[in-house]
Amino acid sequence: MSQNDLSRRRALGLGLGALVIGAAGCGGGGGPKQAQAPATAPATTAAPTEYTGPSVSLKFWNGFTGGDGPFMKKLVDQFNAEHQNIKVSMNVYQWADYYAKVPAAVSAGQGPDLGIMHVDSVATNAARQVVLPLDDVANALSLTEADFSPPVWKAGVYKGARYAIPLDVHPLGMFYNKTVMKKAGLDPEQPPKTGEEYMAALEALKKAGIQGHWATPFPFTGSMQFGTLLYQNGGQLFADDASASRFAEDPGVQALTWLVDLINKGYSPKNVGQDADFIALQNGKAAFNWNGIWSINTLKEIKDLEWGVAPLPQIGSKPAAWAGSHQFVVFKQRTPDQNKLTAAKVFINWISGHSLEWAKGGQVPARKSIRDGAEFAALKEQATIGTQIDYLYFLPSVAGIGDASAVVDQAINAAILLKKSPKDALTEAAAKADKILEANRKKYGA
């Protein structure tokens with residue numbers, strides 16, 4: 001695994017995901033603490049796919065510092081070449097720095113024109129009036145839920161208004177080492193799909209002296225695995241309106257117990273280090289690793305590694321998978337510029353329509369027309385993970401939700417390190433999370 005990939009994944013932990021959101025990543029100042037009436041972008045009448053006004057320059061900020069960065073730069077360069085009257089300049093920061101810089105820059109009247117946010121950071125920045133509502137953009141571009149998928153489309157809505165346009169989703173998938181599977185007499189072309197098949201495979205691996213699934217106590221990807229199992233068991237992390245935590249209920253206890261049992265039953269070693277589970281897959285010490293789609297290009301770089309990827313096995317009663325999502329946002333300006341707002345629409349629509357190139361960086365395009373095309377199907381690994389698109393889950397679109405979800409990471413860590421029972425760890429975390437949720441209701445407005 002390259003150092004860039006390692007740093008990218010750790011940086012992502014500050015901005016994306018069901019459980020793995022660093023509060024500091026969204027903690028930059030610059031916005032009011034009490035919710036106010038949302039700022040609105042002026043209505044536009046220009047054609048959304050063409051800009052015919054005077055030349056404008058757009059500042060586009062994001063955190064694509066890893067292997068995906070060159071793919072976005074290539075797209076921006078191509079857009080600039082095709083649109084002589086729009087010049088997009090892209091500034092790239094580490095995600096933690098990005099989430100700190102943006103609110104302060106917007107407050108100072110020096111913010112970018114548009115950018116990318118992880119979907120679970122959108123509500124917080126909407127409440128702080130850092131980003132503008134984009135219902136106008138969606139309507140002008142004739143974008144609807146049918147153009148994407150229900151989970152990812154709904155995730156960008158805060159208090160009844162849309163604040164983000166989806167670019168991609170990046171789900172977990174099940175990566176498997178074919179050589180290791182062969183050693184245990186398993187068919188490397190038929191990875192397990194159900195809970196029964198998965199446990200049978202782990203048992204066969206154990207008999208062959210192989211610990212097949214290393215249980216990691218870290219957010220990448222232990223917390224993601226917990227969330228997946230929680231939703232597969234019919235549970236959820238929080239109530240839909242985030243009025244209370246739900247992760248300590250029976251489905252959550254079952255999910256965390258399943259992960260801890262990997263250790264207790266000898267399918268996983270104890271005290272797995274950060275990223276050691278992914279490295280074990282590469283080194284032939286583990287057969288399976290539930291990891292993000294961003295792992296595809298890392299594995300492709302490893303010579304002579306025989307590997308595959310499949311949708312996550314259905315351990316519980318229904319399919320579910322953790323995912324993050326990069327989404328376009330438009331930032332509030334002290335003096336709205338109608339021409340820039342129109343040009344921003346053209347840019348968002350163009351990048352979305354050309355997101356096949358973005359998929360090559362290790363993403364699933366959010367745009368259904370791209371996912372359904374033959375060219376995306378030819379990206380075998382991405383397309384395989386993309387089959388989970390309709391049963392991905394995201395955090396509730398509630399301001400400050402990352403503060404509450406951070407305590408879940410602590411509970412998972414304590415349980416998988418065998419310091420606390422799953423039930424005790426989750427119950428204690430739920431009490432802390434509920435206090436945070438209550439504080440956030442006062443901070444951001446109920």
Side-chain angles (χ1 to χ4, degrees), residues 12-23 25-26 118-124 150-152 154-158 169-172 216-260 290 292 312 315-325 388 391-416 422-441 444:
L12 279 172
L14 295 165
L16 71 82
L19 306 174
V20 210
I21 313 164
C26 304
H118 296 100
V119 68
D120 30 43
S121 293
V122 171
T124 302
V152 73
K154 293 173 182 175
V157 174
Y158 173 66
V169 294
H170 32 269
L172 286 192
T216 174
F218 295 95
F220 274 86
T221 58
S223 295
M224 301 172 182
Q225 295 180 41
F226 166 77
T228 294
L229 293 163
L230 167 69
Y231 279 78
Q232 286 194 2
N233 286 334
Q236 58 190 98
L237 288 160
F238 301 96
D240 291 339
D241 60 357
S243 58
S245 61
R246 300 283 303 276
F247 56 80
E249 296 172 359
D250 285 346
V253 175
Q254 293 170 18
L256 192 50
T257 299
W258 189 91
L259 289 169
V260 172
W290 298 9
L312 293 175
I315 306 299
S317 59
K318 64 178 186 178
W322 175 94
S325 172
Q388 303 171 117
Y391 51 83
L392 305 178
Y393 70 89
F394 301 94
L395 284 173
S397 186
V398 174
I401 194 66
D403 303 336
S405 66
V407 302
V408 190
D409 294 340
Q410 300 166 13
I412 294 164
N413 185 275
I416 293 180
K423 184 175 180 60
D424 288 347
L426 292 172
T427 299
E428 292 173 17
K432 295 178 183 177
D434 286 342
K435 291 180 180 178
I436 293 171
L437 293 173
E438 176 61 28
N440 280 344
R441 283 193 288 274
Y444 297 107

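Contact check for Pro396 versus Asp241: no side-chain heavy atoms found under the 4.5 Å cut-off. At least one side-chain heavy atom of Val253 sits under 4.5 Å from a side-chain heavy atom of Leu426. Side-chain contact between Phe394 and Pro151 is present, with heavy atoms from C-beta onward closer than 4.5 Å. Looking at heavy atoms from C-beta onward, Val169 lies in side-chain contact with Ser325 at the 4.5 angstrom threshold. Asp403 places none of its side-chain heavy atoms less than 4.5 Å from the side chain of Leu437. At a threshold of 4.5 Å between non-hydrogen side-chain atoms, the residues Leu229 and Leu259 count as touching. Taking 4.5 Å as the limit, every side-chain heavy atom of Arg246 sits out of range of all side-chain heavy atoms of Leu237. Phe218 is not listed as a side-chain neighbour of Ile412, based on a closest heavy-atom distance of 4.5 Å or more.
Judged by distance alone, the side chain of Asn413 and the main-chain N or O of Pro217 form a donor-acceptor pair under 3.5 Å. A donor-acceptor distance shorter than 3.5 angstrom exists from the side chain of Asp434 to the backbone of Ser245, with no hydrogens or angles considered. In this structure, the side chain of Thr257 does not engage the main chain of Gln254 through any donor-acceptor pair within 3.5 Å. No donor-acceptor pair under 3.5 Å is formed between the side chain of Gln225 and the backbone N or O of Trp322. Between the side chain of Gln236 and the main chain of Phe238, a donor-acceptor pair closer than 3.5 Å is present. Using modelled atom types, one side-chain atom of Gln388 and one backbone atom of Leu312 make a donor-acceptor pair closer than 3.5 Å.
In this structure, CG on Asn440 lies 14.5 Å from NZ on Lys435, to the nearest 0.5 angstrom. Expressed to the nearest 0.5 Å, how far CD of Gln232 lies from OH of Tyr391 amounts to 8.5 Å. For the atom pair NZ (Lys432) and CD (Gln410), the distance works out to 5.5 Å, reported to the nearest 0.5 Å. A distance of 9.5 Å separates CH2 of Trp290 from OG1 of Thr221, quoted to the nearest 0.5 Å. Between atom OG of residue Ser223 and atom CG of residue Leu230 there is a gap of 11.5 Å, rounded to the nearest 0.5 Å. Between atom OH of residue Tyr444 and atom OH of residue Tyr158 there is a gap of 9.0 Å, rounded to the nearest 0.5 Å.
Classified by interplanar angle (parallel below 30°, tilted 30° to 60°, perpendicular above 60°), the ring pair Tyr231/Tyr393 is parallel.
Residues Val119 and Gly156 share a closest heavy-atom pair of CG2-N, 4.3 Å. The two residues Ala425 and Ala411 come nearest to each other via the heavy atoms O-CB, 3.4 Å. Residue Ala415 comes nearest to Pro422 through the heavy atom pair CB-CA, 4.2 Å, listed as atom of the first residue, atom of the second, then distance. The nearest pair of heavy atoms linking Ala123 to Ala399 is CB-N, 3.8 Å. Closest approach of Ile436 and Ala404 over heavy atoms only: CG2-N, 3.7 Å.
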